[in-house]
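Here the structure is laid out as structure tokens; the discussion comes afterwards.
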2 protein chains.
Amino acid sequence: MDRNVSDICEVYYVDEERVEKARKALSPEKEILAVAETFRNLGDPTRVKILQALAIQALCVCDLAKLLAVSDSATSHQLRVLRSQKLVRFRREGKMVYYSLDDEHIDNLMREALRHIREGEGPVRAGAMKAGEDRV
Amino acid sequence: MDRNVSDICEVYYVDEERVEKARKALSPEKEILAVAETFRNLGDPTRVKILQALAIQALCVCDLAKLLAVSDSATSHQLRVLRSQKLVRFRREGKMVYYSLDDEHIDNLMREALRHIREGEGPVRAGAMKAGEDRV
DNA sequence: ATGACGCATGAACGTATGTTCATGTGTATT
DNA sequence: AATACACATGAACATACGTTCATGCGTCAT
């Protein structure tokens, strides 16, 4: 059967032009992966607390363990994760190891995330979504 | 010198004062959890791509599926996650559903994360940047 | 109405993730 | 040197997560 495919392709439901435009806006795959991994590492309540605390002042592992009410080992593991993504740095002082935030972007990310979650807490913005949408 | 070492306990290696100061700096538990969940939802390469694409223009599910080279179902699931955290909103147009970013904080978070990961990557030479990488 | 299409949802599967327990490393004190 | 302490690491376990498959829901055209 000979159907004229050109007609179909022109109006193809997937808007190729739009897709291409969006594709060009994407960061290279390597960066996408790095960004996702960074966010994933931030995506744990314990680590969020660690970073909020370190935003104020440097702390050692045992301080953090006490603050978080978890074991030293668990704390150390979490710090290892944060270290691997260069989210925290550390300096040695005798037996103690003091951790602090690695750069100012970390704190910025935390603050921006707080702003985001605080937006939805009030009454739902009018027209944000169609009626009958599932709540959080 | 038989000075008893028991007075070490008073000073305890865990600096209580420092810990208390840090504890006061923490957001309430509810917010910590919300922030962590938001970051966790951002911590997936597919969802990062979706948000970068939506930062440019609204797209429907099938557009995104094509762009991401995954099934419509998988795309829909990811959008459901993003919706649950109010990271994206959507509007219905006939059969199609167009998604877009919910607020400007999302884009800010993406850009800030990009800045972060680009810091540690050795010397940022001209060769490291390619066309279409002007997102920051 | 009936079929086609875009999208949403539920269940199930494989894998990755966070925690714990036990042990190892390095440093300071005795 | 030997001990104690702060921290790091490895293995192992339970759970959570993302993907896929199959199905259901709404809307549009015939």
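Any value given below was found using the heavy atoms of this structure, including those in side chains, with hydrogens, waters and symmetry copies removed. Here is the naming used below: chain letters follow the sequence lines, and residue numbers restart at 1 for every chain.
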(request) Only one of B:T38, B:D103, B:D102 passes side-chain hydrogen bond (donor to acceptor under 3.5 Å, both in side chains) with A:H116; say which it is. (result) B:D103
(request) Please name the residue in the list A:R89, A:R83, A:R91 that meets the side-chain hydrogen bond (donor to acceptor under 3.5 Å, both in side chains) test with A:Y99. (result) A:R83
Roughly, in whole Å, what's the span from [atom1] in [X] to [atom2] in [N]?
| X | N | atom1 | atom2 | value |
| --- | --- | --- | --- | --- |
| A:D44 | D:dC17 | CG | C1' | 14 Å |
| B:N41 | C:dT17 | CG | P | 15 Å |
| A:Q85 | C:dT17 | CD | P | 12 Å |
| A:R91 | D:dA6 | CZ | P | 17 Å |
| A:E93 | D:dC7 | CD | P | 11 Å |
| B:I50 | D:dT19 | CD1 | C1' | 13 Å |
| A:R92 | D:dA6 | CZ | P | 12 Å |
| A:K95 | D:dT3 | NZ | P | 15 Å |

(message) On the nucleotide C:dG18, are OP1 or OP2 found under 4.0 Å from the side-chain N or O atoms that A:R47 carries?
(response) yes
(request) Verify the contact: side-chain N or O of A:R40 to OP1 or OP2 of C:dT17, cut-off strictly under 4.0 Å; return yes or no. (result) yes
(message) Among residues 72-83 of chain A, which ones have heavy-atom contacts with DNA chain C below 4.0 Å?
(response) A:S73, A:A74, A:H77, A:Q78
(request) State whether A:E20 and B:K66 are salt-bridged, where the test is any N-O pair (Lys NZ or Arg NE/NH1/NH2 against Asp/Glu carboxylate O) under 4.0 Å. (result) no
(message) Taking the basic N atoms (NZ, or NE/NH1/NH2) and the acidic carboxylate oxygens, is any pair closer than 4.0 Å for B:E29 and A:K49?
(response) yes
(request) Check the pair B:L26, A:L67 against side chain to side chain contact (heavy atoms under 4.5 Å, CB included), reporting the backbone distance first and the verdict last. (result) CA-CA 10 Å; B:L26 296 186; A:L67 172 63; 4.1 Å; yes
(message) Which residues pass the side chain to side chain donor-acceptor pair (under 3.5 Å) test with B:R47, not counting sequence neighbours?
(response) B:Q78
(request) Sequence neighbours left out, what passes side chain to side chain donor-acceptor pair (under 3.5 Å) with B:S27? Give chain and number order. (result) A:Q52
(request) Would you indicate what A:F90 reaches in the nucleic acid, counting non-hydrogen atoms under 4.0 angstrom: base, sugar-phosphate, or nothing? (result) nothing
(request) Please work out if A:Y98 contacts a base, only the sugar-phosphate, or nothing of the nucleic acid, heavy-atom cut-off 4.0 Å. (result) nothing
(message) Side chain of A:M96, heavy atoms from C-beta onward: which of C:dA8, D:dA6, D:dC17 has the nearest atom to it?
(response) D:dA6
